[in-house]
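Worksheet: the structure to be examined is printed underneath.
Values reported hereafter were calculated over all heavy atoms of this structure, with side chains retained and with hydrogens, waters and symmetry mates removed.
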Amino acid sequence: METISTEKSFGGVQGVYRHVSAVNGCEMTFAVYMPPQADDGPVPVLWYLSGLTCTHANVMEKGEYRRVAAELGIAIVCPDTSPRGDHVPDDESWQFGSGAGFYVDATEAPYDVNYRMYSYIRDELPDLVAAEFSVDMNRQSIFGHSMGGHGAMMMALRNPDRFKSCSAFAPITNPMTADLSRDAFARYLGADQASWREYDSVALAEDGHTFPEMLIDQGDADSFLDAALRPWLFAAACQSGSGSGNGTDLTLRMQPGYGHSYFFISTFMEDHLRWHAARL
């Protein structure tokens, strides 16, 4: 692991790091904020997954999480959203390729070699973070925005024993059918939509996957709300999953007047950090 930069902030350290990812076959960059409590022993970990076109830097620079994370004693890990590099297949569309990994393990050539973000977030990066930082990996939670909200919810539903809590800002809840994501799913995962279901929160809930509780904040002035995000679909799936129902206790808060940007995310960031801290 290579240290790109470190800066002291609210008594802790905001760092940016680079490593060679065996899973994605390229160098990957990520950010970690370590609170001052880490000087005295391992601290819990909160993963933040970013949205389309983003890198680790968007939330690091605009998310306004460090003050509260330092108070609560929580490490914040911010991965990149996709593999990058001259040898990594890319596309001109902002909805596919670089910046748009959708947290899936691609099965279609040529993307199957590098676009393995599900395995990267679930396995490789946590192993590296556990080895390099003073963190308690028995206390992990996850949240994210838009494409990253999709990733966080999907990760939690598929790995309920890994995470203590899960929340999202304006998540793409049903990416199989959403305007922002269905074409990417086809190109990453192939034509058989049965394989898409394991990366779709609505489908996972319908198929009986459970998580104890989730928090979603969604702005009602979000321009992507009706065509791409549609949190009401996930709310319905939580009530109608296979068997006796999904069992996910969902708190969905529609926030009047808010859009999709980091002005929205930073407004409710403290709420989410305190919500996770209570469960960590």
Side-chain angles (χ1 to χ4, degrees), residues 44-51 74 102-105 117-118 121-122 126 137-178 180-182 185 193-220 222 224-226 228-255 258 260 264-265 268-269 271-280:
V45 181
L46 181 54
W47 297 85
Y48 180 90
L49 305 187
S50 290
I74 298 174
F102 280 98
Y103 304 102
V104 305
D105 280 352
M117 288 300 294
Y118 177 80
I121 299 296
R122 187 190 64 180
M137 300 302 280
N138 291 316
R139 291 186 291 161
Q140 297 184 65
S141 291
I142 192 167
F143 68 153
H145 169 234
S146 193
M147 178 184 73
H150 137 72
M153 292 166 62
M154 175 268 293
M155 287 275 178
L157 287 166
R158 290 183 61 177
N159 302 276
D161 295 333
R162 168 76 63 89
F163 302 106
K164 301 293 186 184
S165 54
C166 174
S167 72
F169 304 100
I172 304 173
T173 63
N174 190 201
M176 291 175 60
T177 64
L180 290 179
S181 48
R182 60 175 176 252
F185 267 45
Q193 295 193 15
S195 67
W196 300 10
R197 296 185 69 84
E198 63 182 338
Y199 297 109
D200 184 292
S201 294
V202 169
L204 288 167
E206 290 173 345
D207 293 344
H209 286 262
T210 67
F211 197 78
E213 59 179 330
M214 290 189 184
L215 169 65
I216 294 177
D217 272 313
Q218 172 65 63
D220 71 1
D222 192 319
F224 299 113
L225 179 58
D226 292 328
L229 308 177
R230 303 168 298 166
W232 50 84
L233 297 180
F234 183 68
C238 287
Q239 301 299 320
S240 61
S242 62
S244 59
N246 176 258
T248 297
D249 180 6
L250 174 65
T251 299
L252 171 58
R253 306 192 303 191
M254 297 300 298
Q255 303 292 357
Y258 283 93
H260 199 70
F264 160 62
I265 297 167
F268 298 100
M269 177 63 77
D271 282 2
H272 283 242
L273 292 179
R274 295 192 183 280
W275 188 84
H276 285 290
R279 289 149 181 82
L280 284 166

Rounded distance [0.5 Å steps], [atom1] in [X] versus [atom2] in [Y]:
X: His276; Y: Ser167; atom1: NE2; atom2: OG; value: 3.0 Å
X: Leu49; Y: Ile121; atom1: CG; atom2: CD1; value: 5.5 Å
X: Phe143; Y: Ile216; atom1: CZ; atom2: CD1; value: 14.0 Å
X: Trp232; Y: Asp226; atom1: CH2; atom2: CG; value: 4.5 Å
X: Glu206; Y: Asp200; atom1: CD; atom2: CG; value: 8.0 Å
X: Met153; Y: Cys166; atom1: CE; atom2: SG; value: 6.5 Å

pair Asn174-Arg230: side-chain heavy atoms closer than 4.5 Å: yes

Salt bridge (charged side-chain N to carboxylate O under 4.0 Å, His left out) involving Arg122 - partner list, sequence neighbours excluded: none

Salt bridge (charged side-chain N to carboxylate O under 4.0 Å, His left out) partners for Arg253, two or more places apart: Asp217, Asp271

Side-chain donor-acceptor contact under 3.5 Å, His260 with Ser146: yes

Where do [X] and [Y] come nearest, in terms of heavy atoms and distance?
X: Cys238; Y: Ala205; result: N-CB, 4.4 Å
X: Leu46; Y: Ile142; result: CD1-N, 3.7 Å
X: Ala178; Y: Ile172; result: CB-CG2, 3.8 Å
X: Ile74; Y: Ala277; result: CD1-CB, 3.7 Å
X: Pro175; Y: Ser201; result: CD-N, 4.5 Å
X: Met214; Y: Ala156; result: CE-CB, 4.2 Å

Residue from Met155, Met154, Arg162 passing side chain to side chain contact (heavy atoms under 4.5 Å, CB included) with Arg158: Met154

His150 vs Thr173, side-chain hydrogen bond (donor to acceptor under 3.5 Å, both in side chains): CA-CA, chis, key distance, verdict: CA-CA 6 Å; His150 137 72; Thr173 63; over 6 Å; no

Is the ring centre of [X] less than 6.0 Å from the ring centre of [Y]?
X: Phe163; Y: Phe211; answer: no
X: His272; Y: Phe169; answer: yes
X: Tyr118; Y: Tyr103; answer: no

Are the side chain of [X] and the backbone N or O of [Y] linked by a donor-acceptor pair below 3.5 Å?
X: Arg139; Y: Lys164; answer: no
X: Arg279; Y: Trp275; answer: yes
X: Gln140; Y: Met137; answer: yes

Parallel, tilted or perpendicular: ring planes of Phe268 versus Tyr258, cut at 30 and 60 degrees: perpendicular

Worked verdict on Met176 versus Arg197 for side chain to side chain contact (heavy atoms under 4.5 Å, CB included): CA-CA 8 Å; Met176 291 175 60; Arg197 296 185 69 84; 4.0 Å; yes

Intermediate values then yes/no, side chain to side chain contact (heavy atoms under 4.5 Å, CB included), Val104 and Glu198: CA-CA 9 Å; Val104 305; Glu198 63 182 338; over 6 Å; no

Verdict with supporting geometry, His145 and Ser50, side-chain hydrogen bond (donor to acceptor under 3.5 Å, both in side chains): CA-CA 5 Å; His145 169 234; Ser50 290; over 6 Å; no

Verdict with reasoning, Phe102 to Met117, per side chain to side chain contact (heavy atoms under 4.5 Å, CB included): CA-CA 8 Å; Phe102 280 98; Met117 288 300 294; over 6 Å; no

Chi angles and distances behind the side chain to side chain contact (heavy atoms under 4.5 Å, CB included) call for Gln218, Leu229: CA-CA 9 Å; Gln218 172 65 63; Leu229 308 177; 3.5 Å; yes

